[in-house]
There are 2 protein chains.
Amino acid sequence: MNLVAQFAVEYKVPCDKCPLRDCSVFRPLSDGELDLLSDFKIGEFKVEGGATLFAEGVRSDQLFTVLQGWAFRYKTLEDGRRQIINFILPGDFIGLQSTLDAEMEHSVETLTAASFCTFPRKRLTDFFARSPRLAFDVTWLAAREERVLDEHLLSLGRRTARERAAYYLAHLFVRAEEVGLAVEGRVRFPFTQQHLADALGLSLVHTNKILRRLTYDQLVEWEHGLFRSPNLAGLAELGGFDLEARRERPLL
Amino acid sequence: MNLVAQFAVEYKVPCDKCPLRDCSVFRPLSDGELDLLSDFKIGEFKVEGGATLFAEGVRSDQLFTVLQGWAFRYKTLEDGRRQIINFILPGDFIGLQSTLDAEMEHSVETLTAASFCTFPRKRLTDFFARSPRLAFDVTWLAAREERVLDEHLLSLGRRTARERAAYYLAHLFVRAEEVGLAVEGRVRFPFTQQHLADALGLSLVHTNKILRRLTYDQLVEWEHGLFRSPNLAGLAELGGFDLEARRERPLL
DNA sequence: CGTTCTATTGAATAACGTCAAGGACGGTGG
DNA sequence: CCACCGTCCTTGACGTTATTCAATAGAACG
């Protein structure tokens, strides 16, 4: 396992200069909030693709916001079966799932070179005290994550493989688009069909067959890592994904 | 749909007198915290079994802590397929999943007569301001919920039906035991096999067959609603459920 | 004691997984 | 430039798991 030595970098972008804030999905913060956030932030770091950020059973004393790059969060069973819980994109806040004294119960691995802002977990209570509003935002983000997992639970439990794939691809595409990763309706998906299979709870072979059929039905195109949907509305409808839902959220 | 008219009751147990606090799973609060919590609490209410507390697409301006009774949270697809996200037991804090301005994306229904403490969602920010520590607890609870869902996602995606059932039953039994619902190693499970099937993402028929086999293998007994495991360690091992994990948590 | 849920079981069918074998593609070294 | 290799993708054949359909038995409830 390629466990990364995390090193804080002196270079530190002030949060009000964060390029991600230009994305309209993110709720604007007041100047005071931005200062506070900048103060809470202790550094940045960058890792290559394929790096393990957290490992199951390892503690982390930091929280992260993804600046750029893709990663994924997963759990495994003893015999190696892997379930990808979610993909992690720029703007996502991670690390909350573990507590001060508890071990991480999942692993996080990068798919591409990626960079992160880091926040010290120890100062979270202080941070909460200084801005109840931002504290509420953190809680809100945790609750939002939970809602996303609710939906995936519904997928894994009750949607057919085809619906599930349609839902997930629509979901991923929209998420990527929100943070400016789409160019002319195309998004680079930096993962393999095996990753997708592990997210959908399907075998690789079956995932491939379903993907081929979705392609044949002109609902998706995914070649050389580049994804687009010739019929996003149709894809979303098949998967039961709500394209209209408001997705505004805070960015920490 | 039997949507309940929620009525606040004058009668109001102070939080420091809450009988649930005697359970050792719950982290003790300071006197100041208990006062603050009592102040945040605006009332109690009680509903019969089979009542719909929240409905998909309906807003709620309250948060709840379950005082007694069982409920479950679920989502449905248009054609009626239902996925139970989780069961809700005494001590559970619910309602955080929706936000001030967003609609509920799930429903909650009681399985038994149940009573709840209610907190006004509008005053949550004020509550956060007055105790960063309790604010952190709320966040922590949300993050903990997410960890539980992670594990269920792993179950639905990667565990066989048999493992999944074993995991879930062990999980439910331990949760019930934690809040004092076990009598001589037995817990009343107030739901049907259909509910369990909807939680496991399986059909009723298959759930029944697996249950019968677990019974034959002397891992579970579940008759007339009364559940026990003659071999909890074996059940947990089959399901990959960690009996040793620390489960202490705050109670709000 | 009927009526209505709920649980149980067998049989037929559909969905999905496993095994196995190629094919496409990009990188690497000669 | 080309042979070689590794990774990922693709496809068919076949086995397993889970679903659906159908029918009955058992409990719970007036």
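Sequence lines set the chain letters: A, B, ... in the order given, protein chains first and strands last, and positions in each chain run from 1.
Screening residues 224-243 of chain A for salt bridge (Lys or Arg N to Asp or Glu O under 4.0 Å) gives Glu221(A)-Arg228(A) as the qualifying pairs, with residues at least two apart or on separate chains.
Of all nucleotides in DNA chain D, those with any atom nearer than 4.0 Å to a heavy atom of chain A start and finish, going 5' to 3', at dC8(D) to dA13(D).
With sequence neighbours excluded, the residues forming a side-chain hydrogen bond (donor to acceptor under 3.5 Å, both in side chains) with Thr192(B) are His195(B), listed by chain and number. With sequence neighbours left out, the side-chain hydrogen bond (donor to acceptor under 3.5 Å, both in side chains) criterion links Gln218(B) to no other residue.
Look at NE2 on His224(A): it is 11 Å from C1' on dG26(C), rounded to the nearest Å. If you measure from atom NE2 of His195(B) to atom P of dA7(C), you get 10 Å, rounded to the nearest angstrom. Spacing between atom CD of Gln193(B) and atom P of dA7(C) amounts to 5 Å, rounded to whole angstrom units.
Taking 4.0 Å as the cut-off between side-chain N and carboxylate O, Glu146(B) and Arg147(A) do not count as a salt-bridged pair. Between Glu163(A) and Arg81(B) a salt bridge is recorded (basic side-chain N to carboxylate O distance below 4.0 Å). Ion pair Asp92(B)/Arg175(B) flagged as a salt bridge, since at least one NZ, NE, NH1 or NH2 atom sits closer than 4.0 Å to an Asp/Glu carboxylate oxygen.
For the pair Lys75(B) (side chain) and Glu105(B) (backbone), a donor-acceptor distance under 3.5 Å is present.
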Below 3.5 Å is the cut-off: list the nitrogen or oxygen pairs between protein and nucleotides 14-20 of chain C, distance only.
| residue | atom | partner | partner atom | Å |
| --- | --- | --- | --- | --- |
| dC16(C) | OP1 | Ala161(A) | N | 3.2 |
| dG17(C) | OP1 | Ser203(A) | N | 3.3 |
| dG17(C) | OP2 | Ser203(A) | N | 3.1 |
| dG17(C) | OP2 | Ser203(A) | OG | 3.1 |

Sequence neighbours left out, cut at 3.5 Å: what donor-acceptor pairs do the side chains of residues 164-171 of chain B make with other protein atoms?
| residue | atom | partner | partner atom | Å |
| --- | --- | --- | --- | --- |
| Arg164(B) | NE | Ser155(B) | O | 3.3 |
| Arg164(B) | NE | Arg159(B) | O | 3.4 |
| Arg164(B) | NH1 | Leu200(B) | O | 2.8 |
| Arg164(B) | NH2 | Arg159(B) | O | 3.2 |

